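Here is how names work: the chains are called A, B, and so on, in the same order as the sequence lines, proteins then strands, and each is numbered from 1. Keep in mind the model is a prediction, meaning the values are calculated, not measured.
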Amino acid sequence: MKEKGLSSFMNKNGTRSVMASLISILIGLAAGSLIILIVGISNPSIGIKSAWDGIRIAVAGLFSTGRDAAGALTFGFNSTSIGNMLFRATPVILTGLSVALAFKTGLFNIGAPGQYLAGTAATLYIALTIPTTVVPAWIVWILAFFGGMLAGAVWGAIPGMLKAYLNINEVLACIMTNWIAANLVTWLFDVSSLKNVLESGKTGYIYKTTHNGVATPKLGLDAIFPNSQVNAGILVAILIAIIVYIILNKTTFGYELKACGSNRFAARYAGIKDKRNIILAMALAGGLAGTAGALYFLSGNTEFYWTTYQTLPAVGFNGIPVALLASSSPIGVIFSGIFMSMLDIAGLQLTNLTAYNEYITDVIIAVIVYLSAFSLVIRMWLDGRRRKAKAALETAAPAEPVPEEVKAQDESGAGIAPDKEAENK
Amino acid sequence: MANDERYVIEMLHITKEFPGIKANDDITLQLRKGEIHALLGENGAGKSTLMSVLFGLYTPEKGIIKKDGKEVKINDPNDATALNIGMVHQHFKLVDVFTVLDNIILGAEDTRFGFLSKKTARRKVLELEDKYGLHVDLDAKVENITVGMQQRVEILKMLYRDNEVLIFDEPTAMLTPQEIEELMQIMRGLTKEGKSILFISHKLNEIMEASDRVTVLRKGRCIGTVNTSETTKEELSRMMVGRPVQLVVEKKPAVLGEEVLNVSDLHVHSNMYKREAVKGVSFSVRKGEIVCVAGIDGNGQTELVGALTGLEKSSKGKITLCGKNISSVSVKERSTAGMSHIPEDRHKFGLILDFTLEENLVLQRFKEKEFSKKGFIRFGAIRSYAEKLIKQYDIRSGQGAVTTVRSMSGGNQQKAIVAREIDRGLPFIIAVQPTRGLDVGAIEYIHNQLVRQRDEGKAVLLVSLELDEVMNLSDRILVMYEGEIVGEFDPKKVTIEELGLYMAGARRQGGEATA
């Protein structure tokens, strides 16, 4: 079979995944626009012109630069928005990696919020309690960073162990450890001396890490994106994504993890220690979620509002759509994570500049999440469309995947037989 | 003969192409009224494609279909149903939680004022049951009845819809020998009442027994149609594979070497059945011989293999491999000590179906120096190793080394496992049901490979439920019954009937019968 050029590119698995994700995104944006339009038309105080404004901001909020003197929306390169987008993307990329890595190894890590909290708590404790007068701030930063990672890993390993040794479904165990983490962390800060008492009027906040002089360096990113919160954390997140990609795809360790995830029995048959690998996979996933918390709060300009952590942090759960949208590809997670935070920024702009608020972008995210869960269906739809186009043209182009049965026929000769009986016995 | 009215279905010069492949190339199949017509071919020969054309799932590029001499167009399964063509798929299409009656009428319900009226339906089904001797409890839930009974439900479904042409896709694949016998009787009864049956299979025994005529397909082409009474199994297998097939393996007398595996007083507790599944088994396997463990399924063979390979724990006893006590070491260590394992369930244990062929070929070996360096996989080395094995063992697949194993045919999946296990060059090979579900060509191949290993001085332990295979391959037969070895035989000095008595527990060596 000869495949060439565009048709072979379009048939690559990766291309099809990306196409499916892009289609999900487009439909999501269209659905959001439709809602904006309906709300605008049905509400006389908004009107169609404002609705049009809303749609433009929802889709391109990242490039909004406010309104001009005449009140019309202006668009352009908004370095602050882009910088903030990268800043917000940092934790979401990491929780996305956490979920994606677990998916790849056959596990569903819904425990990212708890691991994120565990990482946050450990990081803040280390960053705020080690006096920078004695230990240099950069060493404290590194300790806090790895402390957060480790705490997340421990928190992830717990459901991993329950699964490996007692065969308890990791989803259940993760949900429970999430709530244990939420309450544990609340209690921990409740009895701690890290509450922000210096700034008057603030209750329930923990000190920023800058209180102790610890913060992620900007590495010149603040010069590229002035007036934004961006820091080197985003570079660390991207680096980690690349490392995860390498571990999963290039190392024997990744092969083992994936083997256990795809077929635990075959892995055991091959002498791979399946229990150990399940625990390790969950610990790694937890470590990534913990790192998300560490990087977010080590930025120095974020505050941990501990009394609200009776609820779980959304950034943990957002890892799930980020991973889904990226088809669990570690590199894809970088882009889907940035895309999610772009929608966040659009939401802020909506609130600032139009009669709408940021919840519209939540709707868009929700639609995209639904669709990305259906990305397989969309892929099948893409395949079906191609097949139809083919039939219409009656060309013999080889884009259509050859059905299994037919493929096998080419190969007979020495005798190939159905496997069906084996399955049924 | 062209206007022959004896034919109920004629598929004339059917050609169906898929990109790069002619799945059906000018195939003509004529089904006479009231006959059982077998469609024989290896997997991938085009049987299912042809039936899918008849059932309206594919549209052929060329060729016509005639029903009762008139040309018809079948564009989808509804057209086929309207022409009274019915099909029993290999995997039954039944709703497990519905009753038998509900399943039969599903999609063809009688209603009165929009409400189901099952009374007439029940009467009609009961009449059909009596007429064809297909007795099933109509109020039982499908999930609670046996596979054989479920198949009857599928047949009743077709009869309820007044189908005249009945297609059976590998109907015996999941039936017990007794159920197969019953099915054959049912099929004969159906043809007596004027139904015509198309019956897809690759099992020569049942084709010889049940069919009136056989059409053989190979690589998408029709090799010919013969009357069953005028042909033999050898002839059919030659037509199917394209060359003479040895149904019996030729082998030299065994040259015995030193002892490789020794098992003494092995006990295994079965977690699944909560009882002792292997009760004090002792035997040994020497270099250059194939020792076969025969027995009826469920007599402890699975647990014995589990304990030998390390997938299950033994509760008592000693296993020695090449002089090393491996009774309680890990799978990995057993493998290092010299054990290759061709597992019983190739999908559950033997392969990772979503991995590529090359990844599966190094399943136990990816950590070895040859294939990895400082924890990084050496993809180049794996690729060239995989390509070597693919060539040497003739493993065929769509895209070579990078084919996803799931998309490969069963025979080639098994070849991949055999290649992987044999190529490790270890002194002891344990093969469990290595030819299950394969057709004659693949069986021949795997048997020859095992015999070659034995001739090269490997020790082979074969666990098989097929008596033909046992008699054919082994140098020594151990019969297992209820967790014990009840007899040891030389295959040249024992008959299948005699083995059967031991397998059924009616006799045992060194003691009186237990059953």
Which bit of [X] comes within less than 4.5 Å of chain A, counting heavy atoms only: side chain, backbone, both or neither?
| X | answer |
| --- | --- |
| B/E421 | side chain |
| B/Q414 | neither |
| B/F379 | side chain |

Next on the checklist: For the interface with chain A, which of B/T309, B/L217, B/V331, B/T59 has the highest count of heavy-atom pairs at distances below 4.5 Å?
Outcome noted: B/V331
Next on the checklist: At a heavy-atom distance under 4.5 Å, which candidate from B/P343, B/G310, B/G242 has the highest pair count against chain A?
Outcome noted: B/P343
Item to check | Face-on cation placement of B/K348 at A/F265 ring, 6.0 Å and 45° thresholds | outcome: yes
Looking at every heavy atom in both [X] and [Y], which two are closest together, and how far apart are they?
| X | Y | result |
| --- | --- | --- |
| B/S372 | A/T252 | CB-CG2, 3.5 Å |
| B/L363 | A/A270 | CG-CB, 3.5 Å |
| B/H341 | A/Y269 | O-OH, 2.5 Å |
| A/Y255 | B/I377 | CB-CD1, 3.8 Å |

Checklist entry - Tell me, side chain or backbone of A/I247 under 4.5 Å from chain B's heavy atoms, or both, or neither? => result neither
Checklist entry - For A/K273, is it the side chain, the backbone, both, or neither that has a heavy atom closer than 4.5 Å to a heavy atom of chain B? => result neither
Item to check | B/F366 atom CZ: more than 12 heavy-atom contacts under 6.0 Å | outcome: yes
Checklist entry - At what distance, to the nearest 0.5 angstrom, does CD1 of A/I272 lie from CD of B/Q364? => result 8.5 Å
Next on the checklist: Within this structure, what is the CZ-CZ distance for the pair B/F376 and A/F253, rounded to the nearest 0.5 Å?
Outcome noted: 12.0 Å
Checklist entry - A/R268: what forms a salt bridge (Lys or Arg N to Asp or Glu O under 4.0 Å) with it, not counting sequence neighbours? => result A/D274
Next on the checklist: So if I take each residue of residues 351-358 of chain B and look for any heavy atom under 4.5 Å from a heavy atom in chain A, which residues do I end up with?
Outcome noted: B/L351, B/I352, B/F355
